Amino acid sequence: MVSAKSRKLRYTGVVETDSIFVSNHGNVSMFMNGTFNASGMIYCPKYTVCLELTGSGLVSFHGVCQRMEIRIKGNCVLDLTQMDVGEAWCEAHDATKIVTGPTKVISKVELHDSAILVLTQKTLVIHAIKLGTSRIEGLQYPQRECVNS
């Protein structure tokens, strides 16, 4: 969790917006609870963004941030395919799906129940915990053929 001095954004109930904008004036904590169909831009190249999503729906962001902490529960999809993240930390429960974009390092992944993490680009995953039927999907690297001579 980011420090007590971080800005806090809260969305509750039915959230349908495509105009969320978070800029680079410090650490940010964003909480969404309910049913949502939201998108927006995050521009925090030197700061941490903490996302806590509980409920159902789709949330997508584009932009850049140094560090992103993600806690997600319910039946929702977090689309970060256009989000450039330096380091990410993820915790997902229930039937959630997190789709990453150009992320350099995922320092911790904790997947519970039937949560799915989709890696769309080469990403270093340092510590992964998968419980239940959760899984990590990623790029399919070509298999090299062994030639016996």
Side-chain angles (χ1 to χ4, degrees), residues 1-132 134-141:
M1 187 63 114
V2 293
S3 68
K5 293 181 181 180
S6 67
R7 290 179 298 141
K8 293 177 175 60
L9 304 171
R10 293 191 186 275
Y11 297 91
T12 57
V14 178
V15 179
E16 297 214 9
T17 182
D18 59 354
S19 60
I20 298 172
F21 181 72
V22 179
S23 62
N24 64 343
H25 298 292
N27 297 330
V28 176
S29 293
M30 184 181 305
F31 305 94
M32 285 191 177
N33 188 358
T35 304
F36 33 81
N37 185 8
S39 64
M41 179 180 180
I42 296 174
Y43 183 76
C44 294
K46 297 180 180 180
Y47 298 102
T48 299
V49 175
C50 179
L51 294 175
E52 291 193 24
L53 307 176
T54 305
S56 62
L58 169 68
V59 178
S60 64
F61 288 106
H62 66 278
V64 61
C65 76
Q66 177 186 5
R67 181 168 159 71
M68 183 170 280
E69 298 177 6
I70 301 165
R71 289 177 181 86
I72 185 169
K73 293 180 184 178
N75 184 17
C76 50
V77 176
L78 177 61
D79 182 5
L80 301 172
T81 53
Q82 297 178 10
M83 188 76 196
D84 188 359
V85 179
E87 179 186 357
W89 181 96
C90 306
E91 181 181 331
H93 296 266
D94 305 324
T96 58
K97 185 175 186 178
I98 301 171
V99 184
T100 65
T103 303
K104 292 176 183 69
V105 176
I106 298 178
S107 58
K108 182 179 178 183
V109 174
E110 198 172 308
L111 301 174
H112 299 266
D113 306 320
S114 58
I116 300 171
L117 173 67
V118 180
L119 305 173
T120 58
Q121 296 191 9
K122 290 184 180 180
T123 301
L124 175 63
V125 178
I126 294 176
H127 184 72
I129 299 171
K130 299 185 301 177
L131 302 169
S134 62
R135 64 186 188 272
I136 298 175
E137 299 175 352
L139 295 172
Q140 298 297 321
Y141 298 101

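Values in this document were obtained by computation on a predicted structure and should not be read as measured data. Residue numbers run from 1 in the order of the sequence given.
Rounded to the nearest 0.5 angstrom, Leu131 CG and Glu110 CD are separated by 7.0 Å. One finds the OG atom of Ser60 at 9.0 Å from the CD1 atom of Ile20 (value rounded to the nearest 0.5 Å). With values rounded to the nearest 0.5 angstrom, Arg7 atom CZ is found 13.5 Å from Cys50 atom SG. Note that CD1 of Ile42 and CG of Asp84 are 12.0 Å apart. Values are rounded to the nearest 0.5 Å. Note that CD1 of Ile126 and NZ of Lys108 are 12.5 Å apart. Values are rounded to the nearest 0.5 Å. Rounding to the nearest 0.5 Å places CD1 of Ile98 at 6.0 Å from CG of Leu78.
Tested against Lys130, the residues Leu117, Ile136, Val109 include a single side chain to side chain contact (heavy atoms under 4.5 Å, CB included) partner, Ile136. Of the candidates Leu51, Asp79, Val49, Leu51 is the only one forming a side chain to side chain contact (heavy atoms under 4.5 Å, CB included) with Phe61.
Proximity of Val64 to Tyr43: side-chain heavy atoms (C-beta onward) are separated by under 4.5 Å at one or more points. Using a 4.5 Å heavy-atom cutoff, the side chains of Val125 and Leu119 are in contact. Counting heavy atoms from C-beta on, the side chains of Cys44 and Met68 never come closer than 4.5 Å.
The two atoms that bring Gln66 and Pro45 nearest to each other are CB-O, 3.5 Å, heavy atoms only. Taking both residues in full, the closest heavy atoms of Cys76 and Phe36 are given as CB-CE1, 3.8 Å, listed atom of the first, atom of the second, then distance. Scanning all heavy atoms of the two residues, the minimum distance from Trp89 to Ser107 falls at CD1-OG, 4.2 Å. Taking every heavy atom of both residues into account, Thr12 and Val15 meet most closely at O-CG2, 4.0 Å.
No donor-acceptor pair under 3.5 Å is formed between the side chain of His62 and the backbone N or O of Leu80. No side-chain donor-acceptor contact under 3.5 Å links Thr103 to the backbone of Thr123. Formation of a donor-acceptor pair under 3.5 Å by the Thr120 side chain with backbone atoms of Thr100 is found in this model.
A salt bridge (charged side-chain N to carboxylate O under 4.0 Å, His left out) check over residues 86-96, counting only residues at least two apart or in different chains, returns the pairs Arg67-Glu87.
Other residues, nucleotides and ligands contribute more than 12 heavy atoms inside 6.0 Å of the OH atom of Tyr11.
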side-chain contact (heavy atoms from CB on, under 4.5 Å) evaluation trace for Ser29 with Glu52: CA-CA 8 Å; Ser29 293; Glu52 291 193 24; over 6 Å; no

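Remark: Val14 engages Glu16 in a side-chain contact (heavy atoms from CB on, under 4.5 Å) (not counting sequence neighbours). A search for salt bridge (charged side-chain N to carboxylate O under 4.0 Å, His left out) contacts involving Lys46 returns nothing, not counting sequence neighbours.
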